[in-house]
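What follows is a set of notes on a single structure, which appears directly below.
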Amino acid sequence: MVMDPDNLSVVLHSLKDLRLEQRPIPEPGPNDVLLRMHSVGICGSDVHYWQNGRIGDFVVTKPMVLGHEASGTVVKVGSAVKTCDRVAIEPGVPRDMDDANFCYKLPDNVTFEEGALIEPLSVGIHACRRAGVTLGSIVLICGAGPIGLVSLLVAKAMGASKVVITDLSQERLSMAKKLGADYAVTITKGNAPQALAKNVADMLGAPPQITIECTGVESSIQTAIYATQSGGVVVLVGLGAEMATIPLVNAAVREIDIRGVFRYCNTWPMAIAMLASGKVNVKPLAFETTKQGLGIKVMIKCDKNDQNP
């Protein structure tokens with residue numbers, strides 16, 4: 001069968017069983033829209049599902065279409081929809097009480113690539129909100145992957161005075177410095193969490209008030225707790241092993257608040273406002289993949305009729 005290249009889906013059926021499939025194009029219901037996709041980012045969770053078949057309690061039990069960081073153009077509307085626009089897509093299904101409608105119009109000065117990056121940017125916004133980042137906050141970010149970098153951008157936009165970021169990769173740390181990190185710490189495997197925590201405090205002149213942990217690695221979670229000042233907040237964004245050994249007594253006696261993050265909640269309007277105003281610049285993250293697989297965020301272009309502003 002010859003497949004239509006304009007109507008293909010990447011579908012994960014089970015562990016490492018990834019297929020390119022052609023699926024029927026549905027007709028929009030009264031409140032629905034049909035989109036022509038333009039840009040789709042590859043998320044670390046997509047790769048994790050492919051390689052492991054699960055993330056924590058979320059297990060692939062039936063075919064799942066991958067690709068949730070996306071933007072596109074409305075090409076057909078239902079009877080109750082009035083306009084056709086360039087839009088960013090909120091992939092999470094909200095409760096009725098949530099302020100969300102899945103598609104958000106992109107301002108003329110926001111590109112499709114930026115629109116696709118609103119999803120990871122939203123994770124950073126939600127993490128910084130949960131952490132209570134505000135004017136003058138001193139913040140440690142563990143991990144300089146895409147989520148760590150958007151958390152850095154948002155923390156700075158929300159008024160953080162100092163941000164230190166850690167990672168194994170010098171390339172990612174160099175990008176973090178370009179994006180506004182005040183300090184970058186190169187991690188090597190086998191680093192003792194307490195020693196790293198002291199290194200961060202010495203660098204900043206005081207322990208950070210807030211730590212945003214973006215790796216999910218057990219030793220990094222330990223570092224996050226040891227590093228955070230007494231009475232501070234640790235936000236867990238990265239998802240790793242189901243069980244982790246952490247210094248819970250240390251956190252308890254120093255009254256460290258440990259807060260979880262699951263994606264985002266009501267963040268698209270803020271994310272769009274940040275991009276449109278120039279308060280946050282995600283363009284350096286939107287690298288196209290190379291043959292070597294280098295880059296921070298791989299972006300797939302789906303629309304041959306590129307209509308970026």
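Being a predicted model, the structure only gives us computed values, none of them experimental. Only heavy atoms go into these numbers, but all of them, side chains included; no hydrogens, no water, no symmetry mates.
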Discussion item. Quick check for you: to the nearest 0.5 Å, what is the distance between Thr223 atom OG1 and Ile187 atom CD1?
Written reply: 6.5 Å
Worksheet item: Can you tell me how far CD1 of Ile212 sits from CG of Leu140, rounded to the nearest 0.5 angstrom?
Response: 9.0 Å
Worksheet item: Is there a path from Met64 to Leu8 through hydrophobic residues (I, L, V, M, F, W, Y) whose side chains come within less than 4.5 Å of each other?
Response: yes
Worksheet entry | Cluster overlap Leu152 with Leu173, hydrophobic side-chain contacts below 4.5 Å | yes
Worksheet item: Of all heavy-atom pairs between Ala224 and Val234, which one has the smallest distance, and what is that distance?
Response: O-CG2, 3.7 Å
Item to complete: For the pair Ser137 (side chain) and Val139 (backbone), establish whether a donor and an acceptor sit closer than 3.5 Å, ignoring hydrogens and angles.
Response: no
Worksheet item: So if you build clusters from Ile, Leu, Val, Met, Phe, Trp, Tyr with side-chain heavy-atom gaps below 4.5 Å, do Ile138 and Ile256 land together?
Response: no
Response to the item:
Here the pair of heavy atoms bringing Pro208 nearest to Ala227 is CD-O, 3.2 Å
Worksheet item: Centre of Phe112's six-membered ring, under 6.0 Å away, within 45 degrees of the axis: is that where NZ or CZ of Arg86 sits?
Response: yes
Discussion item. Assess whether a salt bridge exists between Lys76 and Glu27, defined as any Lys/Arg side-chain N lying under 4.0 Å from an Asp/Glu carboxylate O.
Written reply: yes
Worksheet entry | Worked verdict on Ile165 versus Val185 for side-chain contact (heavy atoms from CB on, under 4.5 Å) | CA-CA 6 Å; Ile165 192 164; Val185 177; over 6 Å; no
Worksheet item: Side chains of Glu218 and Ser220: donor-acceptor distance under 3.5 Å anywhere?
Response: no
Discussion item. I need the minimum non-hydrogen distance between Ser151 and Ile141, along with the two atoms involved.
Written reply: C-CD1, 3.8 Å
Item to complete: Tell me yes or no: between the side chains of Thr111 and Glu114, is some donor less than 3.5 Å from an acceptor?
Response: yes
Worksheet entry | Partner residues of Lys198 under the salt bridge (Lys or Arg N to Asp or Glu O under 4.0 Å) criterion, sequence neighbours left out | Asp202
Worksheet item: Counting only N and O atoms by type, is there a donor-acceptor contact under 3.5 Å from the side chain of Asp167 to the main-chain atoms of Ser169?
Response: yes
Worksheet item: In terms of hydrophobic clustering (I, L, V, M, F, W, Y; side-chain heavy atoms under 4.5 Å; direct or indirect links), are Leu106 and Val150 co-clustered?
Response: yes
Practice prompt. Measure the spacing between SG of Cys142 and CG of Leu236 and express it to the nearest 0.5 Å.
Written response: 10.0 Å
Fill in: Side-chain donor-acceptor contact under 3.5 Å, His13 with Glu21
yes
Practice prompt. Group every Ile, Leu, Val, Met, Phe, Trp and Tyr by side-chain heavy-atom contacts under 4.5 Å, then state whether Val123 and Met158 land in the same group.
Written response: yes
Practice prompt. Could you tell me whether the side chain of Arg254 and the main chain of Thr228 form a donor-acceptor pair under 3.5 Å?
Written response: yes
Item to complete: Could you grab the distance from atom CD of Glu119 to atom OG1 of Thr267, nearest 0.5 Å is fine?
Response: 8.5 Å
Fill in: Main-chain N/O of Gly136 paired with Ser161 side-chain donor or acceptor, under 3.5 Å
yes
Item to complete: Output yes when a side-chain donor or acceptor of Asn281 lies under 3.5 Å from a complementary backbone atom of Lys283, and no otherwise.
Response: yes
Discussion item. Please give me the minimum heavy-atom distance between Pro63 and Arg23, naming the atom from each residue.
Written reply: CB-NH2, 4.0 Å
Practice prompt. Show your working on side-chain contact (heavy atoms from CB on, under 4.5 Å) between Leu121 and Val154 and close with a plain yes or no.
Written response: CA-CA 8 Å; Leu121 179 60; Val154 174; 3.5 Å; yes
Discussion item. Salt bridge check, Lys162 against Asp182: does any charged N sit closer than 4.0 Å to a carboxylate O?
Written reply: no
Practice prompt. Begin from the C-alpha positions of Ile42 and Val47 and carry the test side-chain contact (heavy atoms from CB on, under 4.5 Å) through to its verdict.
Written response: CA-CA 8 Å; Ile42 297 178; Val47 178; 4.1 Å; yes
Worksheet item: Do the side chain of Glu69 and the main chain of Leu117 share a donor and acceptor less than 3.5 angstrom apart?
Response: no
Fill in: All ring pair (Phe, Tyr, Trp, His ring centres under 6.0 Å) counterparts of Tyr264, not counting sequence neighbours
Trp268
Fill in: Rounded distance (nearest 0.5 Å) linking atom OG1 of Thr211 with atom CD1 of Ile221
12.0 Å
Worksheet item: If you count the non-hydrogen atoms of other residues, nucleotides and ligands that lie under 6.0 Å from CD in Gln51, is the total more than 12?
Response: yes
Practice prompt. Could you grab the distance from atom CG of Leu204 to atom CD of Gln229, nearest 0.5 Å is fine?
Written response: 10.5 Å
Discussion item. Between Gln170 and Thr186, is there a side-chain donor-acceptor contact under 3.5 Å, judged purely by atom types and distance?
Written reply: yes
Item to complete: Look at the side chain of Gln222 and the backbone N and O of Thr245, then say whether any donor-acceptor pair between them is shorter than 3.5 Å.
Response: yes
Discussion item. Is it the case that the side chain of Asp32 and the backbone of Gly29 share a donor-acceptor pair, with hydrogens and angles ignored and the cut-off at 3.5 Å?
Written reply: yes
Discussion item. Donor-acceptor pair, distance only, cut-off 3.5 Å: does the side chain of Gln22 make one with the backbone of Pro24?
Written reply: no
Worksheet item: Is the backbone of Val217 close enough, under 3.5 Å, to the side chain of Thr215 for a donor and an acceptor to pair up by distance?
Response: yes
